[in-house]
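Here the structure is a predicted model, which means the values were calculated and not measured.
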Amino acid sequence: MPGGRLTQQERQQIALGLADSLPYAEIARRLDRPTSTITREVMRNGGPTTYRADLAHRATERRTHRRRPASSRGPESVPQPHGRDAEAVAEYEETFTTVLMASGLPKMTARVLTCLFTTDAGSLTASQLAQRLQVSPASISKAIAFLESQSLVRRERDERRRDRYVVDDELFYQATIASARSNDQLVETARQGVAILGPHTPAATRLENIARFLDFISESITRAAEQAREVLHTKPETTSNDTAQPSPDHG
């Protein structure tokens, strides 16, 4: 963590801030810490409603203790493609997972999606995911089922007839469109209420305003996604430091 590990006193301040319904950014400002540090700390220790400073501190000590005996076999000893810093990659993956959890994804689902996003190949088998995340195949299967239901991953067969789970640019577009359209049923139901409650009543006015608002948001997101779609298929401009050819990801 930037500035060193959180102290028990800092964790107590986080708990007090959460009790006062302070946003993560304000808690971070008071502790002179990055907002991502506070977000990660809270989400990995039960979330804002169940966070407890003493339990969080003990959990961190246990995690640190577990890592020490395996330090010679940790990620820093595994060769990384493109000369990456293994510790920095692990820290980034944890941050990315925390952000996905804050957006509403369950922890294991967020870990699987982060793993797929950060592999160069953009696809992994269930066994590769289980090995990378050190979890059971059943945990991977459950997470993948949820991600497929949300159009966030795609399943395909490789040359060995193994299922591979893929994240690509087009899936991100499709997931955005699906999210925008998910309000259609709510809009339709709200407008049914307008007719039933009477078009000139306060309740009907409220429902019509909700329907118009969601309609506008969905149309705006869909239009923006269509306009920006080509960005997902455009390679960013390279600089003089980007001359090395990428090595294949062996997953």
Side-chain angles (χ1 to χ4, degrees), residues 1-68 74-76 80 84-119 122 124 129 132-135 139-140 142-144 146-147 149-153 167 171-172 175-176 178-180 182 217 221 224-225:
M1 288 182 182
R5 297 184 183 278
L6 289 167
T7 65
Q8 188 163 13
Q9 183 177 6
E10 285 177 316
R11 290 189 166 95
Q12 290 169 350
Q13 292 299 312
I14 291 172
L16 290 173
L18 294 172
D20 289 338
S21 300
L22 295 179
Y24 294 152
E26 176 60 21
I27 296 173
R29 187 189 66 78
R30 294 185 180 191
L31 293 177
D32 194 24
R33 293 276 190 169
T35 302
S36 60
T37 296
I38 306 304
T39 304
R40 183 167 59 248
E41 166 69 15
V42 174
M43 295 306 298
R44 78 186 303 184
N45 290 291
T49 58
T50 58
Y51 180 85
R52 285 183 52 184
D54 54 341
L55 296 180
H57 197 70
R58 286 201 293 270
T60 299
E61 289 180 336
R62 286 196 299 271
R63 285 192 293 267
T64 303
H65 181 73
R66 284 200 301 267
R67 289 188 190 119
R68 284 172 183 163
E76 58 272 16
Q80 293 287 311
R84 292 168 179 152
D85 182 320
E87 185 175 349
V89 170
E91 179 75 9
Y92 173 73
E93 288 175 343
E94 185 176 337
T95 298
F96 200 164
T97 298
T98 301
V99 171
L100 291 174
M101 289 169 61
S103 73
L105 288 182
K107 183 175 182 178
M108 182 52 61
T109 305
R111 292 186 68 199
V112 168
L113 192 56
T114 294
C115 197
L116 288 169
F117 271 134
T118 56
T119 184
L124 294 168
L129 284 165
R132 285 180 177 230
L133 298 177
Q134 294 295 293
V135 297
S139 296
I140 297 299
K142 183 177 180 181
I144 286 293
F146 179 84
L147 290 169
S149 74
Q150 301 298 309
S151 301
L152 290 171
V153 300
V167 290
L171 276 175
F172 209 81
T176 301
S179 176
S182 65
I217 293 296
I221 291 175

When rounded to the nearest 0.5 angstrom, what distance separates [atom1] in [X] from [atom2] in [Y]?
{"X": "Leu124", "Y": "Leu116", "atom1": "CG", "atom2": "CG", "answer": "5.5 Å"}
{"X": "Leu100", "Y": "Lys107", "atom1": "CG", "atom2": "NZ", "answer": "13.0 Å"}
{"X": "Leu18", "Y": "Arg52", "atom1": "CG", "atom2": "CZ", "answer": "13.5 Å"}
{"X": "Glu41", "Y": "His57", "atom1": "CD", "atom2": "NE2", "answer": "10.0 Å"}
{"X": "Ile38", "Y": "Ile14", "atom1": "CD1", "atom2": "CD1", "answer": "4.0 Å"}
{"X": "Gln8", "Y": "Asp54", "atom1": "CD", "atom2": "CG", "answer": "7.5 Å"}

*Restricting to pairs with a member in residues 22-31, which pass side chain to side chain donor-acceptor pair (under 3.5 Å), not counting sequence neighbours?*
Glu26-Arg29, Glu26-Arg30
Minimum side-chain heavy-atom gap [X]-[Y] below 4.5 Å:
{"X": "Pro48", "Y": "Met43", "result": "yes"}
{"X": "Arg33", "Y": "Glu10", "result": "yes"}
{"X": "Val42", "Y": "Ile27", "result": "no"}
{"X": "Glu87", "Y": "Glu91", "result": "no"}
{"X": "Val112", "Y": "Ile140", "result": "yes"}
{"X": "Leu129", "Y": "Cys115", "result": "yes"}

*Using the test side chain to side chain donor-acceptor pair (under 3.5 Å), find all partners of Thr114 that sit at least two apart in sequence or belong to another chain.*
Thr97
*Who pairs with Phe96 by ring-ring contact (aromatic ring centres under 6.0 Å, His included), at least two apart in sequence or on another chain?*
Tyr92, Phe117
*Can you name the ring-ring contact (aromatic ring centres under 6.0 Å, His included) partners of Phe146, sequence neighbours left out?*
none
Exercise: identify the closest heavy-atom pair between [X] and [Y]:
{"X": "Thr119", "Y": "Arg132", "value": "OG1-NH2, 3.9 Å"}
{"X": "Met101", "Y": "Ala110", "value": "CG-CB, 3.7 Å"}
{"X": "Thr95", "Y": "Ser36", "value": "CG2-CB, 4.3 Å"}

*asked:* Please determine whether the number of non-hydrogen atoms from other residues, nucleotides or ligands lying under 6.0 Å from atom CG of Asp20 exceeds 12.
replied: yes
_CD (Gln150) with more than 12 external heavy atoms under 6.0 Å_ = yes
_Residue list, side chain to side chain contact (heavy atoms under 4.5 Å, CB included) with Leu16, at least two apart or on another chain_ = Gln13
_For Glu93, give me all partners under salt bridge (Lys or Arg N to Asp or Glu O under 4.0 Å), at least two apart in sequence or on another chain._
none
_Member of Thr118, Leu152, Leu113, Leu147 meeting the side-chain contact (heavy atoms from CB on, under 4.5 Å) criterion with Val167_ = Leu113
